[in-house]
Participant: 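This structure is in structure tokens; I'll ask about it shortly.
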Protein chains: 2
Amino acid sequence: MKPIYLRIFDDLFEKIQSQIYTDGDMLPTELELQHSYGVSRVTVRKTLALLVEQGVVTRIKGRGTFVKNPCKATHNAIALRGFYQELNAQGKTPSSDVLTFEILEPDSIVAEKLKLAANERVYHIVRIRNIDGEPEMMERTYMPVALFPDLTLQVMMASKYAYIESKGYKIANSYQSIMPEMPDRELAKLLNVTPTTPLLKAISTGELADGCLFEYTINYFTLKQYSFEFIATR
Amino acid sequence: MKPIYLRIFDDLFEKIQSQIYTDGDMLPTELELQHSYGVSRVTVRKTLALLVEQGVVTRIKGRGTFVKNPCKATHNAIALRGFYQELNAQGKTPSSDVLTFEILEPDSIVAEKLKLAANERVYHIVRIRNIDGEPEMMERTYMPVALFPDLTLQVMMASKYAYIESKGYKIANSYQSIMPEMPDRELAKLLNVTPTTPLLKAISTGELADGCLFEYTINYFTLKQYSFEFIATR
DNA sequence: AAGTGGTCTAGACCACCCC
DNA sequence: GGGTGGTCTAGACCACTTG
């Protein structure tokens, strides 16, 4: 059962995406939302804070809450959504080619990043991820075998995050470090770019709600069909 | 007068930075913090939510609130702090070389990004920003003259954000778009890198609390002394 | 003056973790 | 069972914007 503030979030977000509220429109006031959803002000405010964080609305004291530019086909970096979920929400068609699927002893970097116990083994999975059939990014992921004893290649051809949550795990957040990098010849070929095209490299560590680290991932984005965006707040 | 939750945030953050609470330590519980600061639970929770957002602590249900790895010399991308403030907090010495300081008619991109009225003029300022004397990034900023009629070159040699806030404006957030880019020969020279070193380009639009757009900025990071980090949450 | 969002309080119940 | 954080309520006062 989702908490109330998330259900209200989903409802408002859906109304914004379906243009019931559109660019520049003022959302109902906090008081009106309290009444229409029958909840307290704190709950309404928690929902609205989420919408602000996700860049969907802006709130201005004394004026109101306003819808921002309609969501474009972008990668919202601080909203941790899987590739599948993010693209589906944008009406695009995601797909994945699994290049590597193996279990191995982690090297010391991976072991340290995932804070693994000695002798713990990991999956090593490499995927090319396509948008509408065109390669957009390469993903190299390491996940502890202990957490996902029944992970299959089938799962990795679809949505990793949907699988993880279907197992009852709660994905909490992801610590990301971003840098530019030139592709080697092989990677350029896989992503269908020239070797002189710089890529965006993102190294991330994923954490569950209980503090457990569940993935160490290196992504290379071409940003051909994607833009990498987020909102910084003071 | 700062709100209470920010004052408590500052206090806890300072205690973490000065190692009173260090890596892995458990912070006092919400109940204890309520008593020691004499505030309500909601206020305590707002403070702790901020610490989580800034990546300083992790909270685990049923266990407690724990300090994360001590803050490294990084660029926390979603904590909108000025270059000066961010580096000072990390014990580094920031400095700036102002290469361009002029007032001009904005081109259509700048005018659109800042939602300027017709004929409104902007500052165009280019700076090289150094860490401990070594160039780390190049910044190209456009700011509406109407908002800052008395902006001086002196100001831009120091802290832009400190100046803006000294004028009574409240900086709210910044919409950022990230991509890799190769430097041209001139930029590579200014940043003291080879022309084959890819840079991280960040395009941002800054917004005040009243919804006013106050800057359109393009940054090029070398990431020689810096790493670009943030936390995505689900 | 009326309406808006920003902050804050004092309670309550629940789910989760560990002993 | 006792402690933890997660959610939620019903109030209150304030600062800011707009007419």
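Protein chains get the first letters and strands the later ones, always in sequence-line order, with residue 1 at the start of each. What's counted below: heavy atoms across the whole structure, side chains too, no hydrogens, waters or symmetry copies.
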Participant: Taking only nitrogen or oxygen atoms into account, show me every contact under 3.5 Å that the protein makes with nucleotides 14-18 of chain D, one pair per line with its distance.
Facilitator:
{"from": "D:dT18", "atom 1": "OP1", "to": "A:R63", "atom 2": "NE", "distance (Å)": "3.2"}
{"from": "D:dT18", "atom 1": "OP1", "to": "A:R63", "atom 2": "NH1", "distance (Å)": "3.4"}

Participant: How about A:K113 and A:Y142: does a side-chain donor come under 3.5 Å of a side-chain acceptor?
Facilitator: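 The criterion, which ignores hydrogens and geometry beyond distance, is not satisfied for A:Y142 and A:K113.
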Participant: Go through DNA chain C in 5' to 3' direction and return only the first and the last nucleotide with some atom under 4.0 Å of chain B's heavy atoms.
Facilitator: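 First and last nucleotides in contact are C:dT7 to C:dC18.
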Participant: Not counting sequence neighbours, which residues clear ring pair (Phe, Tyr, Trp, His ring centres under 6.0 Å) with B:Y220? List them please.
Facilitator: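 Counting only residues at least two positions away or on another chain, B:Y220 forms no ring pair (Phe, Tyr, Trp, His ring centres under 6.0 Å).
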Participant: So, is B:T65 near the phosphate of D:dG5, with a side-chain N or O under 4.0 Å from OP1 or OP2?
Facilitator: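 The answer is yes; a side-chain N or O of B:T65 sits under 4.0 Å from OP1 or OP2.
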Participant: Suppose we screen for salt bridge (charged side-chain N to carboxylate O under 4.0 Å, His left out). Which residues come up paired with A:E53, at least two apart in sequence or across chains?
Facilitator: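 Partners of A:E53 under the salt bridge (charged side-chain N to carboxylate O under 4.0 Å, His left out) test: none.
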Participant: Taking atom C1' of D:dG5 as reference, at what distance in whole Å does atom NZ of B:K46 sit?
Facilitator: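 Rounding to the nearest Å, NZ of B:K46 and C1' of D:dG5 are 18 Å apart.
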Participant: Closest-nucleotide mapping onto DNA chain D: is B:E30 or A:V44 further toward the 5' terminus? I mean the 5' end.
Facilitator: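 Between the two, 5'-proximity favours B:E30.
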Participant: Using the test side-chain hydrogen bond (donor to acceptor under 3.5 Å, both in side chains), find all partners of A:E165 that sit at least two apart in sequence or belong to another chain.
Facilitator: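 So A:E165 forms a side-chain hydrogen bond (donor to acceptor under 3.5 Å, both in side chains) with B:R234.
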Participant: Give one of base, sugar-phosphate or nothing for A:I4, where a contact means two heavy atoms less than 4.0 Å apart.
Facilitator: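 Sugar-phosphate: the residue A:I4, judged by heavy atoms under 4.0 Å, touches backbone atoms but no base.
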Participant: Going by side chain to side chain contact (heavy atoms under 4.5 Å, CB included), name the residues that satisfy it together with B:Q34, two or more places apart in sequence or in a different chain.
Facilitator: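 So B:Q34 forms a side chain to side chain contact (heavy atoms under 4.5 Å, CB included) with B:L31, B:R41, B:V44.
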Participant: Please name all residues satisfying ring pair (Phe, Tyr, Trp, His ring centres under 6.0 Å) with B:Y5, sequence neighbours left out, ordered by chain then number.
Facilitator: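 Not a single residue meets the ring pair (Phe, Tyr, Trp, His ring centres under 6.0 Å) criterion with B:Y5.
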Participant: Holding to side chain to side chain contact (heavy atoms under 4.5 Å, CB included), I want the full list of residues that pass it with B:R127, two or more places apart in sequence or in another chain.
Facilitator: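 In terms of side chain to side chain contact (heavy atoms under 4.5 Å, CB included), with neighbours along the sequence ignored, B:R127 is linked to B:S96, B:V98, B:I125, B:R129, B:E139, B:M156, B:K160.
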Participant: Mind checking what makes side chain to side chain contact (heavy atoms under 4.5 Å, CB included) contact with B:A49, not counting sequence neighbours?
Facilitator: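 Expected list: none.
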